[in-house]
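First the structure, in the form of structure tokens, and then the observations on it.
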Amino acid sequence: MPTLTSQQAAALSAHDRSVSLAAGAGCGKTFVLTERFLAHLDPAADAPQLQLDELVAITFTEAAAREMRDRIRQKCRERMQAAPAAARPDWQRLIRELDGARISTIHSFCARLLRRHAVEAGIDPQFEVLDAAAGELLRLEVVDDCLRALLEQRDEALLDLAARRGLAWVRIELARLASETTRGQLRHWQQASEQDLIELWQQAYEREAPRLLLEEVRSSDPLAALRQTIDPSAAASDKLREHFLLLANALAELDAGEGDPLTLAATVHDLARLKGGSRRVSLAKKDWYDEAQYEAFKDAATAVRGLIDKLQKLDVPLEQTQAAAAAGLELVRLAAKIRIALDDAKRQRNQLDFDDLLERSHELLTDPDHDALRQELAAETRLLMVDEFQDTDPMQVDIVKALCGDEWQSGGLFVVGDDKQSIYRFR
């Protein structure tokens, strides 16, 4: 076994708590995941001994699942050869059973779960899993069929949306909503009012606008021009040199992005001036050796203040906001109809797509009526390991937590990942 770093060793030896292992590319996260899996099967290892079916490993792709299974099989062969003769039959048995080990993608895991508990999930256990291409084709067919039917019925909402945005745009958005929105989310938003949606947007604006403001100011041409004017050698007075130092420090804090964005922007705004402000600055041409440098600072400072003033006053007219909310809720209403038609089409064909696997497993594991089943499944899963955890979405995280039981934080969960390698950071 290769020499472990102190962090790898700590991750492997922590058995009284759940572990989240974060590291960059090439640091051996998957190696540690594999070693942790093996440690619970090797009687010679310093870890609680588990049965193979009590271990679950979830990977991001089928290829990664095959690679992990192959790695474990090879390691088992190596340990079998090094083991005493009396222990080799146990290793041989384990190698034979590895094909049935619960090492898979999250979708394959959910498919197996649903087939096993099809009665509780309310589905036919012989369902076919649609791949991504087939699922997308079926979705578009259903969207087109629904749109034709709604146009024939002269659906007022659809006609209004098509007149304002174009039928092609409506088709794309409805297909997206039918794909990316769960049944529960559609039910929730069908009950929402325009005011509910506007309030949510306002909360998002108040949360995100300051950060976006900071990014806009930081990358602006006026600020780049202001930076170039900060030259202590151009200062003809101690007062200007001190002001340059304060402004340089404020710009450094702005670049770092640490702290409240509005406060950082306000500090730069206050210092980007010749007179006034909270510090009651009073600068004039005589504080510069060169009048051209004075003019350059004045122009750049004025432009920066104007940019910050403009961005801080950004507001969406209420009339436009209400119109957008109304259109959004109409889209939800239409998407809900399409989702019902899509579910009917898949039910008739006895098919589930990848999103269905997750959504139905989530419903099965989080429905209070099936709490006894959830506890049974949690008891069966003594250790759940998840690779590339940075790309799991909230629904997948709920599934993982449910499988680990109510005490998921204190043991039974081992995840590895690297936020910098996230493919689906938007999740």
Side-chain angles (χ1 to χ4, degrees), residues 11-21 32-42 45 47-60 64-65 68-69 72 94 97-98 100-123 125 127 182-184 352 354-417 427:
L12 288 173
S13 63
H15 303 302
D16 59 345
R17 74 206 73 176
S18 290
V19 174
S20 174
L21 181 62
V32 175
L33 189 76
T34 302
E35 290 297 325
R36 182 64 184 261
F37 191 102
L38 278 165
H40 291 281
L41 300 172
D42 187 350
Q49 295 303 290
L50 304 177
Q51 297 300 313
L52 183 60
D53 60 4
E54 294 177 320
L55 293 166
V56 175
I58 293 175
T59 61
F60 196 69
M68 184 175 181
R69 194 185 303 272
I72 292 173
L94 180 59
E97 294 175 352
L98 273 177
R102 296 197 287 173
I103 304 172
S104 67
T105 64
I106 183 71
H107 296 102
S108 295
F109 178 88
C110 288
R112 184 186 299 187
L113 175 68
L114 291 171
R115 292 190 198 280
R116 180 183 171 191
H117 300 284
V119 173
E120 294 90 338
I123 58 177
F127 64 82
T182 67
R183 299 175 188 84
L352 296 177
F354 288 160
D355 290 336
D356 292 326
L357 296 175
L358 293 174
E359 190 169 344
R360 290 182 180 275
S361 295
H362 183 269
E363 291 172 354
L364 183 65
L365 292 169
T366 59
D367 185 346
D369 291 341
H370 295 137
D371 192 58
L373 174 61
R374 181 188 64 79
Q375 293 183 35
E376 176 186 334
L377 293 169
E380 292 176 358
T381 306
R382 299 282 300 282
L383 181 62
L384 175 61
M385 289 166 280
V386 186
D387 199 5
E388 305 294 351
F389 192 73
Q390 75 277 356
D391 282 320
T392 51
D393 62 28
M395 183 179 292
Q396 293 170 1
V397 171
D398 284 346
I399 291 172
V400 167
K401 289 165 65 176
L403 288 168
C404 290
D406 296 332
E407 303 300 322
W408 65 270
Q409 291 177 312
S410 59
L413 180 61
F414 188 94
V415 302
V416 300
R427 288 176 169 172

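Bear in mind that the values here come from a model prediction, so they are computed numbers and not experimental data. Each residue takes its place number in the sequence, starting with 1.
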**Study point:** Thr59 side chain near Glu388 side chain, heavy-atom distance below 4.5 Å
**Key:** no
Check your understanding: Does any N or O in the side chain of Ser361 come within less than 3.5 Å of the main-chain N or O of Leu358, such that one atom is a donor and the other an acceptor?
Key -> no
Review point. Taking the side chain as C-beta and beyond, is there a heavy-atom pair between Cys110 and Ile399 under 4.5 Å?
Key: yes
Review point. How far apart are the closest heavy atoms of Leu114 and Leu357, and which atoms are they?
Key: CD1-O, 3.8 Å
Point to revise | Residues that His117 engages under ring-ring contact (aromatic ring centres under 6.0 Å, His included), provided they are two or more places apart | key: none
Check your understanding: Can you name the residues that form a side chain to side chain donor-acceptor pair (under 3.5 Å) with Gln375, not counting sequence neighbours?
Key -> Asp371
Exercise for review: Using the salt bridge (Lys or Arg N to Asp or Glu O under 4.0 Å) rule, collect all pairs that involve residues 48-58, keeping only residues at least two apart or in two chains.
Suggested key: Glu54-Arg382
Point to revise | Gln51, CD: over 12 other non-hydrogen atoms inside 6.0 angstrom | key: no
Point to revise | Derivation of the side-chain contact (heavy atoms from CB on, under 4.5 Å) call for Ile123 and Leu352 | key: CA-CA 10 Å; Ile123 58 177; Leu352 296 177; 4.1 Å; yes
Check your understanding: What heavy-atom pair brings Phe37 and Met385 nearest, and what distance separates the two atoms?
Key -> CD1-CE, 3.2 Å
Review point. How close do Met68 and Ala57 get, heavy atom to heavy atom, and via which atoms?
Key: CE-CB, 3.7 Å
Check your understanding: Any Lys/Arg nitrogen of Glu97 or Arg69 sitting under 4.0 Å from an Asp/Glu carboxylate oxygen of the other?
Key -> no
Point to revise | Spatial distance of atom CD1 (Ile58) from atom CG (Asp387) [nearest 0.5 Å] | key: 10.5 Å
Check your understanding: Quick one: side chain to side chain donor-acceptor pair (under 3.5 Å) partners of Asp356, sequence neighbours excluded?
Key -> Arg183, Lys346
Practice item. Check Ala65 against Ile103 and note the closest heavy-atom contact, atom names and distance. Key: O-CG2, 3.8 Å
**Study point:** Check against side-chain contact (heavy atoms from CB on, under 4.5 Å), Thr392 and Phe60
**Key:** CA-CA 9 Å; Thr392 51; Phe60 196 69; over 6 Å; no
Study note, to complete from the structure: The side-chain hydrogen bond (donor to acceptor under 3.5 Å, both in side chains) partner of His362 among Asp367, Thr182, Asp398 is Asp398
Practice item. Evaluate side-chain hydrogen bond (donor to acceptor under 3.5 Å, both in side chains) for Arg36 paired with His40, printing each intermediate quantity in order. Key: CA-CA 7 Å; Arg36 182 64 184 261; His40 291 281; 3.0 Å; yes
Study note, to complete from the structure: Output for pair (Thr381 OG1, Glu376 CD), nearest 0.5 Å, gives 10.5 Å
Practice item. Flag the pair Leu403 / Leu365 as yes when at least one side-chain heavy-atom distance between them is below 4.5 Å, and no otherwise. Key: yes
Practice item. Using ring-ring contact (aromatic ring centres under 6.0 Å, His included) as the criterion, list what pairs up with Phe354, not counting sequence neighbours. Key: His107
**Study point:** Any residue meeting side chain to side chain donor-acceptor pair (under 3.5 Å) with Glu120, in chain and number order, not counting sequence neighbours
**Key:** none
Practice item. Can you see which heavy atom on Leu55 is nearest to which on Arg102, and at what distance? Key: O-CB, 3.6 Å
Practice item. With rounding to the nearest 0.5 Å, note down the distance linking OG in Ser20 to CZ in Phe389. Key: 7.0 Å
Check your understanding: Atom OG1 in Thr366, atom NZ in Lys401: separation rounded to 0.5 Å?
Key -> 11.5 Å
**Study point:** Atom pair CE (Met395) and CG (Asp355), whose distance is rounded to the nearest 0.5 Å
**Key:** 8.0 Å
Check your understanding: Should Val56 and Phe109 count as side-chain neighbours, where that means a heavy-atom distance under 4.5 Å?
Key -> yes
**Study point:** Evaluation steps, side-chain contact (heavy atoms from CB on, under 4.5 Å), between Leu113 and Arg116
**Key:** CA-CA 5 Å; Leu113 175 68; Arg116 180 183 171 191; 5.7 Å; no
Check your understanding: Mind checking whether Leu94 and Leu52 have side chains closer than 4.5 Å, heavy atoms only?
Key -> yes
Point to revise | Side-chain donor or acceptor of Thr105 paired with backbone N/O of Ser108 under 3.5 Å | key: yes
Review point. Do you know which two heavy atoms are closest between Leu413 and Leu383, and how far apart they sit?
Key: N-CD1, 4.0 Å
